[in-house]
Protein chains: 2
Amino acid sequence: MDLHAAEKPHLNGKECGTSGWDAGNCPVRDVIDRIAGKWSTLLLEALARQPYRFGELRRLVPDISQRMLTQTLRDLQRDGYIDRQVFPTKPPSVEYRMTALGHSLFEPLSKVLQWAGDKHPAVKAARQKFDEGELS
Amino acid sequence: MDLHAAEKPHLNGKECGTSGWDAGNCPVRDVIDRIAGKWSTLLLEALARQPYRFGELRRLVPDISQRMLTQTLRDLQRDGYIDRQVFPTKPPSVEYRMTALGHSLFEPLSKVLQWAGDKHPAVKAARQKFDEGELS
DNA sequence: TAGCGCTAGTCTCTTTTTGAGACCAATATT
DNA sequence: AATATTGGTCTCAAAAAGAGACTAGCGCTA
């Protein structure tokens, strides 16, 4: 129940504001909120490369709990980014595979990941500067 | 498989795994975890357009609490994406403005946001299909 | 044949994060 | 004189996430 009791999206009674830009942006938020999780991009990056099974993903991302792995994979599946295929082998195995929609998302997303890798030194420097100035 | 290792935020001193895991080689996660929050992209999108003051942002994103607005702005500032400038007016006002680093991040990021807007129908359809199949 | 591990998860408990709302001091408005 | 606005902080409750035990059927092996 815990997992399935997944929250219905944002309160819908209220529009996204009345002034200009936000009105058309609720769909964006609806989509972004799901891929903005702590683990989503990590799993998407893995599955963009190749399909993986549950246990493989768990080993690939050692600090994710089984609970969050299950939940995140299900969320990604629900939004259509990945497919879940069960093989009725002796111990049943499950394979997760990125869909076409997932790949089309990952194309722009990978640019952000690349930016993060490239600019990491600048970010680290900014952090250090900020923390020093705060110490006063 | 050099996925980003588990270097956690500054509050968490836990080292990355013990076996074959390069702690220094997970810069992507270090950066992404910060902009992957629920409110970060929303604020970045606003500030990419123009500078805003605290209260303006609060009105622009009506469902953010003051507490999270303060905290998210400070995180974004710490990572060097935005600047905070205090004007000693009668009631002191504070302006937040995107930095060059922030703009350079927003360039690839905006592509993802655009994708989200474009593909929202597909995602919604996937969700509906998933939820129907689960109902059985 | 009793024990172990593997599969993909779920269940419960605890800790962390987030949300809601009161409070702040100085000034401006009504 | 009472009230609202400025940009926050503080406390407390609710939600989300982390940790770890538990499940079932099968294969291996000691």
Side-chain angles (χ1 to χ4, degrees), chain A residues 1-11 14 29 33-34 36-43 46-47 51-78 82-97 134, chain B residues 6 8-17 29 33-43 46-47 51-78 82-97 134:
Chain A
M1 298 306 187
D2 183 18
L3 293 177
H4 183 64
E7 71 300 348
K8 264 317 163 191
H10 309 81
L11 327 109
K14 131 190 327 184
R29 240 181 113 174
D33 277 357
R34 284 294 158 64
K38 182 175 181 183
W39 307 107
S40 307
T41 52
L42 214 51
L43 295 178
L47 292 172
Y52 281 109
R53 284 169 43 194
F54 187 88
E56 291 177 316
L57 289 170
R58 187 159 57 93
R59 283 187 288 275
L60 212 57
V61 186
D63 59 337
I64 192 175
S65 62
Q66 289 201 1
R67 191 180 154 282
M68 284 317 291
L69 181 53
T70 301
Q71 188 173 102
T72 306
L73 286 172
R74 188 178 306 153
D75 285 348
L76 293 177
Q77 184 197 356
R78 191 173 102 101
I82 63 178
D83 255 344
R84 179 177 183 270
Q85 195 174 356
V86 182
F87 295 99
T89 47
K90 315 100 187 190
S93 64
V94 179
E95 191 187 77
Y96 293 92
R97 176 184 297 268
E134 224 184 20
Chain B
K8 302 248 189 130
H10 59 299
L11 294 175
N12 207 325
K14 184 174 186 177
E15 268 309 313
C16 298
R29 233 180 123 175
D33 277 357
R34 283 293 157 60
I35 60 180
K38 183 175 180 182
W39 307 108
S40 307
T41 51
L42 214 50
L43 295 178
L47 292 172
Y52 281 108
R53 284 172 41 197
F54 186 89
E56 292 176 316
L57 288 170
R58 186 158 55 93
R59 284 186 288 276
L60 213 57
V61 186
D63 58 338
I64 192 175
S65 62
Q66 288 201 5
R67 194 180 150 283
M68 283 316 290
L69 181 53
T70 301
Q71 188 171 103
T72 306
L73 286 172
R74 189 157 41 218
D75 285 348
L76 293 177
Q77 184 197 356
R78 191 173 102 101
I82 63 177
D83 256 344
R84 178 177 184 272
Q85 196 174 357
V86 181
F87 296 99
T89 47
K90 315 98 185 191
S93 63
V94 179
E95 190 186 78
Y96 293 92
R97 175 184 298 269
E134 224 183 20

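Here the structure is a predicted model, which is why all the values come from computation and not from measurement. Sequence lines set the chain letters: A, B, ... in the order given, protein chains first and strands last, and positions in each chain run from 1.
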Partner residues of B:Pro51 under the side-chain contact (heavy atoms from CB on, under 4.5 Å) criterion, sequence neighbours left out: B:Glu95, B:Arg97
Nearest-angstrom distance from the residue atom CG of B:Asp33 to P of D:dG18: 10 Å
B:Ser65 side-chain proximity, nearest of D:dG7, C:dG19, C:dT18: C:dG19
B:Met68 CE - D:dC10 P separation (whole Å): 16 Å
Non-hydrogen atoms of B:Ser40 and B:Ile35 that approach each other most closely: CB-O, 3.7 Å
Euclidean distance, atom CD1 of residue A:Ile64 to atom P of D:dG18 [Å, nearest integer]: 8 Å
Interatomic distance where CG belongs to A:Asp63 and C1' belongs to D:dG20 [whole Å]: 16 Å
Check: B:Leu69 and B:Val61 side chains under 4.5 Å, non-hydrogen atoms: no
Spatial distance of atom CG (B:Leu57) from atom CD1 (B:Ile64) [nearest 0.5 Å]: 8.5 Å
Toward the 5' end of DNA chain D, by each residue's nearest nucleotide, B:Arg58 or B:Arg67: B:Arg58
Atom-to-atom span, CD of B:Gln77 to P of D:dG7 - whole angstrom: 15 Å
Under 3.5 Å, which protein N or O atoms sit close to an N or O of nucleotides 27-30 of chain C? Give each pair with its distance.
none

Spacing between A:Phe54 atom CZ and C:dA8 atom C1', to the nearest angstrom: 6 Å
Nearest heavy-atom neighbours spanning A:Lys38 and B:Asp33: O-OD1, 3.9 Å
Minimum-distance pair of heavy atoms, taken over all atoms of A:Leu47 and A:Ile82: CD1-CG2, 3.7 Å
Any B:Trp39 side-chain N or O less than 4.0 Å from OP1/OP2 of C:dG19: yes
Selection from D:dG7, C:dC11, C:dT18 that lies nearest to any side-chain heavy atom of B:Ser93: D:dG7
Which nucleotide in C:dT18, D:dG18, C:dA8 has an atom nearest any side-chain atom of A:Val94: C:dA8
Flag side-chain contact, heavy atom, 4.5 Å: B:Arg84 against B:Leu73: no
Approximate separation, where rounding is to 0.5 Å, of A:Gln77 CD and A:Asp75 CG: 10.0 Å
Phosphate OP1/OP2 of D:dA16 contacted by B:Lys38 side-chain N/O (<4.0 Å): no
Short side-chain N/O contact to C:dC6 OP1/OP2 from A:Arg53, under 4.0 Å: no
Candidates C:dA20, D:dG8, C:dT10 - which lies nearest the side chain of A:Thr70: C:dT10
Sugar-phosphate only, base, or nothing, as touched by B:Tyr96 at under 4.0 Å among non-hydrogen atoms: sugar-phosphate
Nearest-angstrom distance from the residue atom CZ of B:Arg59 to C1' of D:dA4: 12 Å
Can you name the atoms? Protein N/O to nucleotides 21-24 of chain D N/O, anything below 3.5 Å, with the distance.
none

Heavy-atom closest pair, residues A:Phe54 and A:Gln66: CZ-O, 4.1 Å
Spacing of B:Phe87 atom CZ relative to D:dT5 atom P, expressed in whole Å: 22 Å
Shortest non-hydrogen contact between A:Ala36 and B:Gly37, atoms and distance: CB-O, 4.1 Å
N or O in side chain of A:Arg74 less than 4.0 angstrom from C:dT10 OP1/OP2: yes
